[in-house]
Amino acid sequence: MRLVVIARLDSQVWHSKAVRFDWPSSREAQTASCIPRGLQIVCEARLDRRADLARTLGSSTSLTDAELLLESYARWGPDCVGHIDGEFALAVCDNRQRRIFAARDRFGVRPCYYAICGNRVIVSSNAALIAGLCGTVVSDSAIAKYLVAHTGQVEETFFVGVRRLPPASILIVDHLGCVVRRYWQLDARTSRRSASGLGDELRSLLIESVCARIPPKGPYGSMLSGGLDSSAITGIAAKHAANRAVHAFTFVHSRAQQADERRYARAFVDSHRQICWSIVDGSDLLAVCSPAPASQPSHAPNLAVTLAMYEAARARGLAVLLDGFDGDSVISHGTRRLLELLAGGKLSEFWREITAVARARELSQWAALKLLVLRPLAPIAFRRLVARARSAQHDENAALLAPRLRALAPAPPVQPIARSEAARHMQLLSAPSIGRTLELLDEAAGAHGIEPRYPFFERRLVELCVTIPAALKLHGGQTRWLMRRALWEELSSPIAQRRGKANLSHVFLALFSGHHAEFDRWLERIPDSMAPYVDRMGFRSTYERAKRGNLRGTLALFRMLALCRWLETVARVKEPPFSSPINLKSRTN
């Protein structure tokens, strides 16, 4: 059951209703209403510090999340989102104000899409469902960009007329028109507090975030890769979760020994009690391509790893799984500090740090200089060469497209290089790929009956991390130094001192190698659903590159397979389109 709100807008009358559809999901959309105030809400939410919110509202803590959110809207109107923390997608039908209000959490953990379809406004957590209700078509532009690995615009979806509500944004639709605006921005002003003070607060906030995401009763689990982020979460859960066991899952693949993390995970588990450890062996590449009638085809080939752990967790009777997803972006490795030292003329300190980084990464000093210093500082001429190489790669991907689509897939712009650590940190956290991946995980997890929870995406924790000085992120060649120091008690020594982590591309290549026979059959006849989008000769060329072990060719082939399977599932989502069109003027804030 997923979040769906349908409201009818006429020139004189505003009718609204909240409806719920059968949809694969581990959770149900919550509803609440306040008839005297003319308010109805539908939401998918898990609130942080709900007791504080209830106290501010003068309400009972026994209220559901939906009731607390509705009380917040009744008190503050559209400004209510500034008082709410947690993961949420919500839609409010405000009959008195003749308004539809929708909002999405700050990091996009819960998806939210909308469309103005005829004389109706539809808000849902699934874009494919909206498309089925509106009778809209798949977007050629989005497909072309997807096949060449271009992320496209933030609000663009794979369906014409269906829009994504960006993270940290609200939507207001009323008789005046439609407006989307952000309600929250990060502030990266560097803190002047001591290392010990910042470390204590970092540790306290992460512990609070993990504990808040552990369900009050019943079994729960955690992903344990053997890296710093997943180990920190699992260690905190094992130490601070009131004597409750945490089920930890580590993925391995027999044909991808380079990505085998068992020795780190085992060392971690051996140093912690209250961990029930499971090794998840292998997965099916095809399962990742389209786990359900989804809002988008998969762009994450290593989602196969996550799906295998979802399946293992569900088999154990778990419904909640803690995930250290993108802790790298939240904490930041701090390598742009090298550029800051160089620009500040601190040459001896720069040389000590680059030497330590090279030693930690088992690189020569020259290789470390090229990777972390010369590339970001590359002159314009060299940048043009890089852009030309990327253009050639884009042309290689574009050869896969049917001729009519090639003009719809321009080469992606070259991202400006951040030359300070603060700028780089903000760049990482504002990447559209974070929200897109969280949307993909939400639908994949729902299809497996799992609710993933992400302790690193807690507002106060993120706001703190962007203020940490660069010298406390990269120190003595050790990246994310402050986190390692602050969480030493929760991490085992091998994990806390670990310099890198496994390259999961080896897992994907191993998974792909088991499906050559299926692609051979595709060469005989490309499925009808793909004929409008793919060039047969381009497919053959891509496939030959993939069979030779070319990673880019393999990724391109994966996107094609994922698109094919996604189109097949979307074709089954059919609902009668709405009629009685109405033109709403678009307005800006």
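The chain is numbered in sequence order, starting from 1. Heavy-atom basis, side chains included; hydrogens, waters and symmetry copies ignored.
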* To do: Mind listing the closest non-hydrogen atom pair of Cys178 and Val173 along with its distance?
  => SG-CG2, 4.1 Å

* Scan side-chain atoms only and decide if Ser332 and Arg424 contain a donor-acceptor pair under the 3.5 Å cut-off. => no

* Can Ser225 and Ser230 be counted as having a side-chain donor-acceptor contact under 3.5 angstrom? -> yes

* Taking the six-membered ring for Trp, are the ring centroids of Phe158 and Trp566 within less than 6.0 Å of each other? -> yes

* To do: I would like to know whether Arg106 and Tyr183 meet side-chain contact (heavy atoms from CB on, under 4.5 Å); could you show each step before the answer?
  => CA-CA 9 Å; Arg106 292 168 176 80; Tyr183 63 83; 3.8 Å; yes

* Asked: Roughly how far, to the nearest 0.5 Å, is the CG atom of Leu228 from the CD1 atom of Ile331?
  -> 8.0 Å

* Salt bridge check: are Glu458 and Arg460 linked by an N-O gap of less than 4.0 Å? -> yes

* How long is the gap from CG on Asp323 to CD1 on Ile233, to the nearest 0.5 Å? -> 7.0 Å

* Asked: So, does Gln153 use its side chain to make a donor-acceptor pair with the main chain of Glu156 at under 3.5 Å?
  -> no

* Glu451 vs Arg110, salt bridge (Lys or Arg N to Asp or Glu O under 4.0 Å): CA-CA, chis, key distance, verdict -> CA-CA 11 Å; Glu451 181 185 350; Arg110 301 291 168 90; 2.8 Å; yes

* **Sole residue of Arg46, Arg50, Arg459 in salt bridge (charged side-chain N to carboxylate O under 4.0 Å, His left out) with Asp85** => Arg459

* To do: State plainly whether the residues Glu489 and Lys239 are in salt-bridge range, i.e. N to O under 4.0 Å.
  => yes

* Asked: Does Phe101 have its ring centroid less than 6.0 Å away from the ring centroid of Tyr73?
  -> yes

* Are a donor atom and an acceptor atom from the side chains of His299 and Thr437 found within less than 3.5 Å of each other? -> yes

* Does a side chain donor of either Glu490 or His272 reach within less than 3.5 Å of an acceptor in the other side chain? -> no

* Any idea which heavy atoms bring Ile214 and Arg244 closest together, and the distance? -> CG2-NH1, 3.6 Å

* To do: Step by step, work out the salt bridge (Lys or Arg N to Asp or Glu O under 4.0 Å) result for Arg213 and Glu87.
  => CA-CA 11 Å; Arg213 284 158 177 77; Glu87 298 115 26; 3.1 Å; yes

* Would Ser295 and Glu439 count as having a side-chain donor-acceptor pair, cut-off 3.5 Å? -> no

* Could you tell me whether the side chains of Trp76 and Glu71 share a donor-acceptor contact shorter than 3.5 Å? => no

* Salt bridge Arg55-Asp52, side-chain N to carboxylate O under 4.0 Å -> yes

* Ignoring hydrogens and angles, state whether a donor on the side chain of Asn126 or Glu443 is under 3.5 Å from an acceptor on the partner side chain. => yes

* Walk me through it: do Trp277 and Phe249 pass the test side-chain contact (heavy atoms from CB on, under 4.5 Å)? => CA-CA 6 Å; Trp277 186 39; Phe249 298 90; over 6 Å; no

